[in-house]
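Notes follow once the structure below has been shown.
Being a predicted model, the structure only gives us computed values, none of them experimental.
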Amino acid sequence: MSDSPQWFDEEAGPVVRPYALIRGRTRSSGDTFDLVATVRTIGDPTDALGPEQQLILRAARSPISVADLAVELDLPIGVVRVLLGDMRDHGLISVSSSSAGGTRSNERILKEVINGLRAL
C-alpha cells in the first residue's frame, strides 16, 4: 500500500484541495473581479492567514493582475477570486478594476485587435 493520501493522484495532483481552501464557495461577498483587475496589498498580514493568502500579500506588494496571481499561486481563477474577496473584506488588499476606464477604450482596443487580425 502506498504512503500517499487517497485524495492525491500522481497525474492529476490534489483533487479537492483548491475548493477546500474556500470552503466550497464559488463566489465572494463582493463583486466579481476581472482577470485584468489590479490587486495591491494595503493591510498588514496576520498569523491567522493561510499560506495562499500570505503569498497573495507578498505578490501584491506591487500591483499585480488577478490572472497573474492565479498563475503565481497555481490555483484556479475562481478560487483566487474568492480568496481575494475575503481579503478585501478584511482590508488587506485593494482591487482596481480596469473597467472603470469606460467602454470607449475597450471598443478602441477591440477594433485594433480586429484590424490586426485582418492584416494577418
Side-chain angles (χ1 to χ4, degrees):
M1 185 163 237
S2 85
D3 292 333
S4 66
Q6 292 179 355
W7 58 85
F8 187 82
D9 181 352
E10 288 296 326
E11 291 179 23
V15 178
V16 178
R17 187 173 182 274
Y19 294 99
L21 283 173
I22 55 175
R23 297 179 300 277
R25 296 175 294 149
T26 58
R27 297 204 167 136
S28 63
S29 62
D31 300 330
T32 302
F33 305 115
D34 292 337
L35 291 176
V36 294
T38 304
V39 179
R40 179 182 283 248
T41 300
I42 58 171
D44 294 324
T46 64
D47 293 336
L49 294 177
E52 291 80 10
Q53 293 165 321
Q54 291 176 2
L55 284 171
I56 289 171
L57 289 178
R58 277 195 292 274
R61 285 182 185 148
S62 56
I64 186 170
S65 73
V66 173
D68 288 336
L69 274 173
V71 170
E72 186 90 17
L73 274 75
D74 193 27
L75 288 172
I77 193 70
V79 172
V80 172
R81 284 178 170 157
V82 173
L83 288 171
L84 290 174
D86 292 346
M87 293 176 74
R88 184 187 55 191
D89 291 347
H90 289 97
L92 297 171
I93 60 168
S94 69
V95 181
S96 304
S97 179
S98 64
S99 63
T103 56
R104 284 309 250 176
S105 62
N106 289 341
E107 289 177 24
R108 182 185 54 81
I109 290 171
L110 287 174
K111 286 180 182 178
E112 288 178 20
V113 169
I114 291 171
N115 290 337
L117 290 172
R118 286 182 182 153
L120 293 175

Check your understanding: Between Ile77 and Val66, does a side chain to side chain contact (heavy atoms under 4.5 Å, CB included) hold up when you go through it step by step?
Key -> CA-CA 8 Å; Ile77 193 70; Val66 173; 3.6 Å; yes
Check your understanding: Yes or no on side chain to side chain contact (heavy atoms under 4.5 Å, CB included) for Arg88 and Leu84, after CA distance, side-chain angles and deciding distance?
Key -> CA-CA 6 Å; Arg88 184 187 55 191; Leu84 290 174; over 6 Å; no
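Taken to the nearest 0.5 Å, the CG atom of Leu57 stands 8.0 Å off from the CD1 atom of Ile93. The OG1 atom of Thr38 lies 10.0 Å from the CD1 atom of Ile64; values are rounded to the nearest 0.5 Å. Taking CD1 from Ile56 and CG from Leu69, the interatomic distance works out to 6.0 Å, rounded to the nearest 0.5 Å. With values rounded to the nearest 0.5 angstrom, Leu35 atom CG is found 5.0 Å from Arg81 atom CZ.
Applying the side-chain hydrogen bond (donor to acceptor under 3.5 Å, both in side chains) rule to Ser94 yields no partners; only residues at least two apart in sequence or on another chain are considered.
When the options Ile114, Val113, Asn115 are evaluated for a side chain to side chain contact (heavy atoms under 4.5 Å, CB included) with Leu117, the one that passes is Val113.
Closest of all the heavy-atom pairs between Glu52 and Leu73 is O-CD2, 3.7 Å. The nearest pair of heavy atoms linking Leu49 to Gln54 is O-NE2, 3.3 Å. Across all non-hydrogen atoms, the minimal contact from Gln53 to Met87 is O-CE, 3.5 Å.
Counting non-hydrogen atoms of other residues, nucleotides and ligands closer than 6.0 Å to CG of Asp74 gives a total of 12 or fewer.
In the hydrophobic cluster analysis, where Ile, Leu, Val, Met, Phe, Trp and Tyr join through side-chain heavy atoms closer than 4.5 angstrom, Val71 is grouped apart from Val36.
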